> 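My questions all concern the structure below.
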Number of protein chains: 2
Amino acid sequence: MPQPSASRRTPGRPPRISREAIIGTARRIVEEEGVHRLTMRRLATEVGSTPMALYHHVRDKEELLVLLLDDYAVRALRRPELPADPRERVVAAATAIHEALAACPWIVEVLTADDLMSKSALWFVEQLVSGLVEGGLSLDEAVHGYRAIWYYTAGEIVVRRTAARRRAEDDRRTYREEVFSGLDPEELPRLAQAADRWAPLTAEDTYRDGLKALVEGLLAGR
Amino acid sequence: MPQPSASRRTPGRPPRISREAIIGTARRIVEEEGVHRLTMRRLATEVGSTPMALYHHVRDKEELLVLLLDDYAVRALRRPELPADPRERVVAAATAIHEALAACPWIVEVLTADDLMSKSALWFVEQLVSGLVEGGLSLDEAVHGYRAIWYYTAGEIVVRRTAARRRAEDDRRTYREEVFSGLDPEELPRLAQAADRWAPLTAEDTYRDGLKALVEGLLAGR
DNA sequence: ACCTGAACACCGTTCAAGT
DNA sequence: ACCTGAACACCGTTCAAGT
């Protein structure tokens, strides 16, 4: 990985662009037009350089995306006041992560690009694990519990974000409506019964309810 | 969406390639080399045609991917014997979906491309919803519960699959090791304590445990 | 109705050379 | 040390024409 040159010496040509400038410009592009518009070529021209100059500051596009996520995490994750009760603390920490991620429309593509989100998220992970330990779990169980919460949270983001994009895009949403309107009540009675409430029901934000249930289940009987 | 021509008449040129042939070839490419190798151009040559011929049978690449997922679901989802107990039934139905998805390495890219997986998955959704209703939830609560289970399941797949790909790829895994070895026990005591067990702990398959906890939490006190 | 060829407007990345 | 230009090996999709 290329490093900024040591400041004690300036042995070669002085840099014209910096990692910070690259990431800053990348962030702007992504915020204004979405991740799919972020290309190395585009970024190069916006930063006032050539595509290949970028490769002197980042290894490849994937590294750029991870750096971008890190940058976002640093500025978006605000540590909340945490309740004393372990159960509520876990819910609060997970909710804080979830809120930061949900507010970031381009997160999905990057989420699926790395599982350890960012250094600045570790404090939240600590709160989750310690809350679960205080709730009665062993350390190992608490780490597993944290993973379960992370699965649930990441899944919620991915599924809801994708569904939202779909809806915004075009008429393909009618596929679901079509399927649900043609349900056989003999074969799939509950789905047929819920068919016309399905859209509003799944549009509701139930992250918190599901999270509470999960935490309750994880700590049940301890 | 283009349809196969009505068989009662053959008014124009006879088709040389079919939707089935396209999907079949696409499946082979994806199974052998991964989704990222599936391109319209590549697919066209493998199917013995030109890129543009494909657009007569599918709307665009995204539709192709959704058709591919559908095709996979039809052949991979096997309905299991379901236990009578509602709680266990929910766990069994979710586990069956999870197993089918987890066995499919290219699933992530397509998962994030549509939230209603496939018609053939509806039976499983029915089992989940009805299990939750019998477990004491209202129909609306049961639909929300199903969503929570789906978030958890999709998240598990996405996170674990991505982590696995990472590991296979290259040396970037050392990033996590580096972060975890440098933890400050004052600031993040639990994480520091779990640091050297982190890799094996997160490698364990704990889908089922987390699922049970979630279902237990959803049905708690009913 | 179905397919082809050529073109449009792009990609990420490598390599060799310049300052 | 840092940057440039040209090139490589691709993309998905549109359009106009052919059979």
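Worth saying up front: this structure is predicted, and the values here are computed from it rather than measured. All chains are named by letter (A, B, ...) in the order of the sequence lines, taking the proteins before the strands, and each is independently numbered beginning at 1.
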> Tell me the interatomic distance from B:R41, atom CZ, to C:dG5, atom C1', rounded to whole angstroms.
12 Å
> So, A:R42 and A:E33, do they make that salt bridge, N to O below 4.0 Å?
yes
> Grab the CG-P distance between A:L38 and C:dC10 for me, whole Å please.
15 Å
> Measure the distance from CG on B:L54 to C1' on D:dT14 and round it to the nearest whole Å.
15 Å
> Check the phosphate of C:dC3 against B:H57, side-chain N and O only, distance under 4.0 Å to OP1 or OP2. Yes or no?
yes
> Quick one: on DNA chain C, does A:T39 or A:M52 contact a more 5' nucleotide (nearest heavy atom)?
A:T39
> How close or far is atom C1' of D:dA9 from atom CZ of B:R42, stated in whole angstroms?
14 Å
> Rounded to whole angstrom units, what separation is found between the OH atom of B:Y55 and the P atom of D:dA17?
21 Å
> Could you tell me the separation between the CE atom of B:M40 and the P atom of C:dC8, rounded to a whole number of Å?
21 Å
> What does D:dC11 pair with, Watson-Crick or G-U, if both distances are under 3.5 Å?
none
> Check this for me, if you would: do B:E156 and B:R208 make a salt bridge, where the nitrogen-to-carboxylate-oxygen distance has to be below 4.0 angstrom?
no
> Classify the ring geometry between A:W106 and A:Y72 as parallel (under 30°), tilted (30 to 60°) or perpendicular (over 60°).
perpendicular
> D:dA9 and C:dA9: how far apart are their P atoms, nearest whole angstrom?
24 Å
> Look at the side-chain N and O atoms of B:T50 and state whether any lies under 4.0 Å from the OP1 or OP2 oxygen of C:dG5.
no
> What about A:W150 and A:F124, are their ring centers closer than 6.0 Å?
no
> In whole angstrom, give the distance that lies between atom NE2 of B:H56 and atom C1' of D:dG12.
17 Å
> What is the distance, rounded to the nearest whole Å, between atom CZ of A:R19 and atom C1' of D:dC2?
15 Å
> Kindly point out which of C:dT4, C:dG12, D:dG12 is positioned nearest to the side chain of A:K61?
C:dG12
> What I want to find out is whether B:E32 reaches B:R27 closely enough, with some N-O distance under 4.0 Å, to be called a salt bridge.
no
> Look at B:H36 and D:dC11 and indicate whether a side-chain polar atom (N or O) is within less than 4.0 Å of OP1 or OP2.
no
> Using purine N1 to pyrimidine N3 plus N6-O4 or O6-N4 for Watson-Crick, or N1-O2 and O6-N3 for G-U wobble, each under 3.5 Å, what pairs with D:dA16?
C:dT4
